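Step one of this worksheet: look at the structure below.
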Amino acid sequence: MHRIVIHKYAMSRNTVLGLTLIGVWFAGLSLGFVAARFYGDTLVSCLSLAAGSQATLATPLVTLFPLLVSALAVIIIHPNFLYAICFVRGIILAMMLQALTACYDSGIYLAALFLLFSCMLFSPVLLWYWWRRLSLQMDNFIADTLVCAAVGIVIGLIDYWFISPFLVDVVIF
């Protein structure tokens, strides 16, 4: 006779923490898309004004400083608050994407890529860093922090050297 074998998958602590973090991220994104509909035209008008501003040397720092602060918040506060930070970052990203939809109907994907370049590219790095901090606590802390900061600085410099001048040329002319 044939035996019926049931394989039991034991989820590790790291898997549960990571899936919870990603679930909170998507919950924040969902709430942000809903909240942007009720926010009004203020967000849309501010976003359209920001596209035409000239980039300065401080742009990579101004763009990435909140991202790096939220990445390193896990050091300062208790790791359980990381879920709240992840939720708020998801809401903010979704609200910006919804505002871009209101500003640019036809070219939304291109506008989202260029206007939210740093945020869109740094979000997966940020989720990876947070997942590592939740699962490993302080093991490999310095190496992970340096990788996160280096990727953030590279993304900010690409935004400063390539994306921002392109946007200024497109918006002004």
Side-chain angles (χ1 to χ4, degrees), residues 1-39 43 46-47 59-102 108-160 163:
M1 295 255 115
H2 295 291
R3 287 188 179 177
I4 298 175
V5 179
I6 299 173
H7 294 284
K8 182 179 171 185
Y9 177 73
M11 293 180 67
S12 67
R13 177 181 177 270
N14 297 342
T15 306
V16 171
L17 290 173
L19 291 177
T20 305
L21 189 68
I22 291 172
V24 167
W25 178 261
F26 281 116
L29 285 175
S30 302
L31 184 63
F33 282 126
V34 172
R37 293 184 173 263
F38 301 109
Y39 195 78
L43 183 62
C46 289
L47 190 61
T59 302
L61 295 175
V62 169
T63 304
L64 287 172
F65 185 71
L67 298 174
L68 291 175
V69 166
S70 62
L72 299 177
V74 71
I75 302 165
I76 300 166
I77 60 175
H78 194 271
N80 290 335
F81 289 112
L82 187 60
Y83 294 113
I85 294 170
C86 183
F87 185 71
V88 169
R89 283 207 25 89
I91 290 172
I92 292 170
L93 178 62
M95 288 181 71
M96 291 297 119
L97 288 172
Q98 191 69 23
L100 282 174
T101 304
I108 181 62
Y109 298 114
L110 191 60
L113 177 66
F114 287 133
L115 292 175
L116 297 175
F117 180 78
S118 296
C119 189
M120 298 283 282
L121 254 58
F122 196 65
S123 291
V125 175
L126 194 59
L127 283 172
W128 168 81
Y129 181 74
W130 285 341
W131 191 339
R132 298 268 300 178
R133 292 292 54 83
L134 283 173
S135 63
L136 299 177
Q137 297 297 323
M138 290 300 171
D139 296 341
N140 294 334
F141 168 71
I142 294 174
D144 289 346
T145 304
L146 289 176
V147 167
C148 184
V151 169
I153 290 170
V154 167
I155 290 170
L157 290 174
I158 290 171
D159 196 3
Y160 172 69
I163 304 299

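Any value given below was found using the heavy atoms of this structure, including those in side chains, with hydrogens, waters and symmetry copies removed. No experiment lies behind these values; they were computed from the predicted model shown.
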Can you tell me how far [atom2] of [Y] sits from [atom1] of [X], rounded to the nearest 0.5 angstrom?
{"X": "Trp131", "Y": "Leu19", "atom1": "CH2", "atom2": "CG", "value": "5.5 Å"}
{"X": "Trp130", "Y": "Leu134", "atom1": "CH2", "atom2": "CG", "value": "9.5 Å"}
{"X": "Phe122", "Y": "Ile153", "atom1": "CZ", "atom2": "CD1", "value": "9.5 Å"}
{"X": "Phe26", "Y": "Leu31", "atom1": "CZ", "atom2": "CG", "value": "15.0 Å"}
{"X": "Phe87", "Y": "Leu82", "atom1": "CZ", "atom2": "CG", "value": "14.0 Å"}

[X] to [Y] - nearest heavy-atom pair and separation:
{"X": "Cys119", "Y": "Leu93", "result": "SG-CD1, 3.6 Å"}
{"X": "Ala94", "Y": "Gly28", "result": "CB-O, 4.5 Å"}
{"X": "Ser118", "Y": "Gly156", "result": "OG-CA, 4.5 Å"}
{"X": "Leu21", "Y": "Cys86", "result": "O-SG, 3.7 Å"}
{"X": "Arg89", "Y": "Ser123", "result": "NH2-OG, 3.6 Å"}
{"X": "Cys148", "Y": "Tyr129", "result": "CB-CD1, 3.9 Å"}

>> Can you list everything that forms a side chain to side chain contact (heavy atoms under 4.5 Å, CB included) with Leu121? Sequence neighbours excluded, please.
In response: Phe117, Ile155
>> Quick check: do Trp25 and Leu126 have side-chain heavy atoms less than 4.5 Å from each other?
In response: no
>> With heavy-atom distances below 4.5 Å as the criterion, would you say the side chains of Gln98 and Val34 are in contact?
In response: no
